[in-house]
Amino acid sequence: MTASVSPPSVSRPRRGLREHPLTQLVKVRFLEFWREPEAVFWVFIFPILLAAGLGIAFRQRAPDVVKVGVLVSEPHAGALSDAIARDSRLDVLPLDDSAGMHALRTGRIALFVVPRAERTVEYRYDDTRPDARNARLLVDDAIQRAAGRSDVATVRERHVREPGARYIDFVVPGLLAMNLMGSGIWGVGFTIVESRRKKLLKRLIATPMSRAQFLASFILSRLAMLVLEVGAFLGFGILVFGVPARGSLGTLVLVALTSALAFSALGLLVASRVRTMEGASGLMNLVMLPMWIFSGVFFSASRFPDAAQPVIQALPLTAAADALRATLLEGASLSALAGELGILAAWLVGGFTAALALFRWR
Amino acid sequence: MGASVITAAPALAVRALHKRYSDVVAVGGLDLEVHPGECFGLLGPNGAGKTTTIEICEGLLTPDSGDVEVLGRRWSTDERELRQLLGIQLQETQLAEKLTVRETMGLFRSFYDRGREPEDVIALVQLEEKSRARVGSLSGGQKQRLALACALVGDPRLLFLDEPTTGLDPQARRQLWELIGELRAGGRTIVLTTHYMEEAERLCDRVAIIDHGRAIALGTPRELVETLGADHVVEFALGEVSSLSTDVLAALAGVRSVRGSDGSWALTVGELHVALPAILAEVERRGATLAELRTHSATLEDVFVSLTGRHLREGG
Ligand SMILES: Nc1ncnc2c1ncn2[C@@H]1O[C@H](COP(=O)(O)OP(=O)(O)OP(=O)(O)O)[C@@H](O)[C@H]1O
Ligand SMILES: [Mg+2]
């Protein structure tokens, strides 16, 4: 009996890095990602399409021509129209009263000029709209000059149009940060919740697998993906839109890395207890939506009230977007980014620790 | 390995185990002892508490009270060591669909300090041809075999299988039985749950019949059937209601026990060649006609029915 208790001993010790559980876990994460075409689309293709769309919508244009209307039925309308039309930045439309008011309401003209008498005009416009105020200034200038006003001070102009100050330059680093957040939280979160739902997590903890290694594999696999994700997106922004990359590559790598790790840790935390996919989507949106709004991806976060700033600045997406912007656009040094990197590192450590403690394995 | 002489120390010892979920008592005072090298079956109907019991033994659930000792170790103090020694198949696990069979085995192999070659285990469960196929593309039986392979790759000393053949067609079930039979012949200790009495009869050295969280019978399948004191079961139904009664039937030659009503009866009998003619004669004498007549050798199912008055499976 003693001899037959252990079966023909073909058992052997585990060997090498290839058979190490962490290697295997990371490999599996990676394979699962690449075999999911939708995930590949959302991580790689979608952000590029989004950047392309925004780039086209906000592309550099010749200074806009402002359309203004003049009430034709008045006796001085002709002379007034000529005076305004002399400024090439203004385009004059002769309109009757009702057509003029309609055009004003629908935004087809920014300003409606009503000649009242010799040397008397009335401007009708929405004074809360910057373009309407701008039109008023230009039209008034043209009319006053035609009426004989001359400038007293001498002015010289120099036009500065530099890459780095355009909207596309502002938005590309923001989109990159947002993408790192999305792929971190969705990528990690959905895989975990799905594994929990299918009882795969329970099966895994029935083996000697280290739980910390399992969670770490999600974070580590993001590293491998990161090179491609950041490379493809930034490559596109730099080559197609001429977005500047002024900082050093090392700084960029470190900032992207810290951001990606922090977001994956957040993904682990979000997924640590949810059991259903619906619950997971809801919670992920709840976590991400405030950051989409407040973290300054599409417009500067400084527009929000001062009282809210401490909270906004502590959000990981704010830190990531600001750090990426500073690196790419201003060439900021590592020491200048210490604040943002510190915030991201805190989210990484805090998120991972909390996730490990809260995690529900069945 | 195997340095010490094998003693009578049980591979698994469970004493006075209790577990309740809010208003349900899942396990209500269970004692079990599994010897090294034996295949032990927990047989019981749905909701009997089999999964709860086996998962407590696997260290996946904590009991409310009671004592569990696995391979002489305890979950509270020796979890790391125990995990290396056990092979576990859960009642329901869906493995990652996007991975191939080989990748899945590679992953599970990596968790164990010592274990078998993934390819060898794939061959053992006859999945060589599917080695490069995605798990999502496997049939139900192939998935069950892969789940078994995952339990075997760490070369476990003790194997826990929770309903390894449920949901399989008869042919796939038979294949899996052969496989488990080979493992058992190889001297591995196996604890399995099932609600198929044939499975328990065919695979298990000893069986505990579980109902409502308690072991209501324990022994080898043979011993359990022998407790019926009868080798055969005669079931018959009458075409119309007659005056036949339990007492009348029980008094017939060779009949050991009777259950039934409304013209439908099941009798356990010692000697079929004595009892059957007597039953037929009695039916004839009462002027009744038979609508149905069946006989079979007594099984664990009949043991369960005689103990609980219910069948293992509805309609079974
Ligand atoms: N997580 C849970 N919460 C509440 N009740 C539970 C839970 N798990 C099991 N039960 C209840 O405990 C009892 C025993 O369940 P268990 O899963 O152990 O039965 P089983 O013998 O494995 O049944 P089956 O053959 O259907 O797998 C059942 O009544 C079940 O409803
Ligand atoms: Mg069960």
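What's counted below: heavy atoms across the whole structure, side chains too, no hydrogens, waters or symmetry copies. Every chain is numbered from 1 and lettered A, B, ... according to where its sequence line falls, protein lines coming before strand lines.
The two residues A:Lys199 and B:Leu90 come nearest to each other via the heavy atoms O-CD1, 4.5 Å. When all heavy atoms are compared, the tightest approach of A:Leu200 to B:Thr93 is CA-CG2, 4.1 Å.
Looking at B:Phe108, only its side chain comes within 4.5 Å of chain A, counting heavy atoms on both sides. For B:Glu92, the parts sitting under 4.5 Å from any heavy atom of chain A are the backbone and the side chain alike.
Each of A:Glu19, A:His20, A:Met209, A:Arg35 has some count of heavy-atom pairs under 4.5 Å with chain B, and the biggest count is that of A:Arg35. Between chain A and the options B:Val153, B:Ile88, B:Leu82, heavy-atom pairs under 4.5 Å are most frequent for B:Ile88.
A:Pro208 pairs in a side chain to side chain contact (heavy atoms under 4.5 Å, CB included) with only one of the listed residues (B:Arg80, B:Arg83, B:Glu79, B:Glu81), which is B:Arg83.
Looking at heavy atoms from C-beta onward, A:Arg14 lies out of side-chain contact with B:Arg114 at the 4.5 angstrom threshold. Side-chain contact between A:Arg203 and B:Gln94 is absent, with no heavy-atom pair separated by less than 4.5 Å. In this structure, the side chains of B:Glu97 and A:Lys198 come closer than 4.5 Å at one or more pairs of heavy atoms.
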Problem - Stepwise side chain to side chain contact (heavy atoms under 4.5 Å, CB included) test for B:Ser110 and A:Arg18 - result: CA-CA 9 Å; B:Ser110 76; A:Arg18 216 178 62 83; over 6 Å; no
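Under a 4.0 Å N-O distance rule, the pair B:Lys98/A:Glu32 does not qualify as a salt bridge. Salt bridge status for A:Lys202 with B:Glu55: present, with a side-chain N to carboxylate O gap under 4.0 Å.
Remark: A:Leu25 CG to B:Phe111 CZ distance equals 4.5 Å, nearest 0.5 Å. Note that NZ of A:Lys27 and CG of B:Leu107 are 9.0 Å apart. Values are rounded to the nearest 0.5 Å.
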